[in-house]
Every structure is written in structure tokens, then in C-alpha cells.
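Only this structure's heavy atoms are used, side chains among them; waters, hydrogens and symmetry mates stay out. A, B, ... follow the sequence lines: proteins, then strands. Residue 1 opens every chain. Computed from a prediction, not measured in an experiment: that's the story for all the values here.
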Amino acid sequence: MKTFKIFILVAIALVGFSFTIQQKKATPWEIPAEYKKMENPLANDKASVNKGKMVYMKHCRSCHGNKGLGDGPKAARLKTFPGDFSSAEFQAHGDGELFYKSIIGRDEMPNYEKKIPSKKDQWAVINYLRTFKK
Amino acid sequence: MRTEYINKKAKNISIFESITGLFVILLILGSSLNVNAQTDEFANEPVSGTFESGLLAETQTVATPFAGEFELHIQHRFGLIENGLEDVFGIYATSNIRMGLNYGITEKFMIGYGYTKEFKLQEFHGKYRVLTQTESNSIPVSVAVYGNLAINSQDKSVFGNDYKFSDRLSYFSQLLVAHKFNDNFSLQFGPSFTHFNKTDTLVEHDKVALSLAGRAKVSPSMSLFFEYDQPLNIDDMREFASDENDPEANLSFGIEIGTSTHVFQVFMSNYEGITPQRNILYNKNKIGDGDFLVGFNILVRF
């Protein structure tokens, strides 16, 4: 009986531990030069931010969270931390770089070229990402 | 008797005219508001998200799946709410259900198959988007054509004497014209034609109907929508002298929630047939009598 109790304790501890395993931090992105120098053709105004919010709430919120902190309902099941959009480090990236990360993606960050077919919507969501800046 | 008929006709025509009239006016209004957008870089881009999905309550919309995308549809209609708590507003009453699968062959062309419980309807359908509205309104509307063929697969005894396979077939075709006014508001107008090879006694074989549908976003992922369907019960087009079997109009309204992979619609409706030709030709539930039921549509994209 005693060994059984110890076994149970160890089992619980192990399961508990496996849930606390940290998400891996994202490695730096390699962004093609053509995207790096890409300019945002969409004015950063109220209309485009509103449009971007619609796109974000539909496609991105589930992982990146309402405030862009990387804490959406699906985030816990991701192996990679989706990033903190409010950080100065994130906001320091150019629009072209954010465009590449947001629309082309890699690994667990999905590709959105098909799901967000409109160029205007694609850039609108970049404008919305800028509103997370602290 | 005669005057009654004329009145009825006049009423139908005026409904028809006011619906079309309203749509045309709104269209002109909408496009005139946007003329100054011509200069921007996105002017000739197609607009996005006129409707959340290709289905809105009981009607098709101008939207189609992406190329290579599958859509699984689950459509459910509870019984009429009329019995109140007795069957918890129709939830425990007999219900109707449809399961369907659509596939986007190209950005503009979709095909699909579905199965409806009532009348064991096997349905094949297709939709082609002929025009897509542009950001600058250089093309002011999106236009799609939709058609389906439904096969009633009940036992052949229900078709009576002289059974032929063709008795099982019915068709529905529709022209869909939609305008997106802005990110929050879209309207769609859709004349349709329904044909049944074999109908119940004294029920017409052909029916022209009009549908008007619209949706308004209330938050980035939630919208309110309505849909109105008016079968044209016009005497000059009548196959039989009696108007006893005339189908009733339908009003649906509800809320829609759209995410990247799912669309949920919960609504009230008069229609219980799910397959459009069944609704158009056979609906006996009256808006005025409060013959509503609760329905929901779930769509999964993959």
C-alpha cells in the first residue's frame, strides 16, 4: 500500500511538472530583404485600424490574445511563445517585417495569404498591431 | 372574388417593387458615398468579407470557399415555438437537419453535396461568383449564380401511381447580387426560380421568389442579420385557379459569430425545410401568425 501511495505521489508530481514546462522562446526570424524594405501602403487611420481589429479578432486573437500579449485561449497549447506585441522590442520592427511574420508566418505561426486574401486587410492588421504599443 | 384576386396581385407586385426599389436606392447611395476612394492603391482590389460565409440563415450568399478549402455544414431546425414550455419552444419537437460538404475548386467556383433529413433529400449544388465588388466600386456589386438539384430518396410508394425516377427531382436556381456598404454593413438581393418535377396535388410546379438579406456587425466578430423571402404568388403566373396552396413568405433574423475556422448562426425563422426549393414551394408557416422556429447553422472550414 505504501509503495502505491508513493507511486501515486510521484505520478501526480510528474504530470504536474509536465504542465509547467515552459514554452520555448521564439528564435530570431529570417526576413527576406524584399519584405524588410516593403512599405505599408495603407494609411494608419481610424478606418484601417478598425478593419484591422476585425481581422485580428477573427484570425489572430485565439493565440495572441485580446491585448496581443500572447495569452489567447489557444496559446497554452503552443510549443512556441507567440510574442508580446506591446513590447518596445516588437514595436521596433518595420511594417514590412511585421507583414512577413503576420502573413507568411513559419512553423506554429500560420500562413494567412489564403485566409486573408485582401491586400488591404493584410496591411490593416499590421496597423492594428501598432495599437498594442505601450 | 375577382376584386380579391386583383388586390392580392397588387399587393404582391408592390412588395416586389418596394424590395427591388429599396435595393436599387441603397445601391446608388452606397456607391455615391465611395467615389472619392478611387485614388488609393487598393482601388481595384476585390472587397473582402461581404458576408461571413456562403450561407446566411436560409439563403446562399455571394461568398464562396477559398480554392482548395472544404466546408462542413451542420444545419439544424427545431420545431415551431408555438407550444411554449410543453416542448420547450420546439427544442423537443421533431426537428430537421442537414449535413453538407462544400469544396472550393477555384476562388470563384464551388461545388457541394448535402443530405437533409426531411424527405430524405440528397442535394448536389454549385455556385459561381461572376463578379466581385471592388474597393473603389468600379464594380459596384458582387454577383453569383447558384443552382442545385435535389433527389427525394424516400420509398417510391410516396410518389403514387406511374412512378418515374424523374418524379424525385427538384431544382432551385438563384441569382445573387450583393453590395458591401462598408466593413459593417452588407445587403444582398436574390431572385430565384424553383421547379419540382412532381408536387403534391394542386401545388404548382414552378415558383419565382425574391430574397433580401443583410447583416450588420455589432462587434469585430459578431453580427446581426436578417433575411426575407417572398414567393411571388401572382395570378397571371398561376398554374391552378385556387390560391389555397400558395406558399408563405419567410423572415429569419439572428446573430452570427465568425472565427478563422468556424461560423455559428443562431436565428429565428419560419422555414423548416432547409433545402431552398422545399421552403419556397411548401412553406405554410406564417410570419403574421408567429409561426417561428429556432434554427442554427454551424460551418467548419478545413
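For the options A:Lys58, A:Lys53, A:Met57, heavy-atom pairs under 4.5 Å to chain B are most numerous at A:Lys58.
For A:Tyr112, the part lying near chain B is the side chain, with the backbone staying farther off; criterion is any non-hydrogen pair under 4.5 Å.
Within a 6.0 Å sphere centred on CD of A:Glu39, other residues, nucleotides and ligands contribute 12 heavy atoms or fewer. Within 6.0 Å of atom CD in A:Glu30, 12 or fewer heavy atoms from other residues, nucleotides or ligands are found, so the atom counts as exposed in its surroundings.
Between A:Lys120 and B:Val47, the closest side-chain pair of non-hydrogen atoms is not below 4.5 Å. Residues A:Pro41 and B:Phe42 form a side-chain contact, since some pair of their non-hydrogen atoms from C-beta on lies under 4.5 Å apart. By the 4.5 Å heavy-atom criterion applied to side chains, A:Lys115 and B:Thr261 are counted as neighbours.
Residue A:Ser118 comes nearest to B:Ser48 through the heavy atom pair CB-CB, 3.7 Å, listed as atom of the first residue, atom of the second, then distance.
How far OG of B:Ser219 is from CE of A:Met54: 8.5 Å, rounded to the nearest 0.5 Å. Distance check: B:Glu45 CD to A:Lys119 NZ gives 7.0 Å after rounding to the nearest 0.5 Å.
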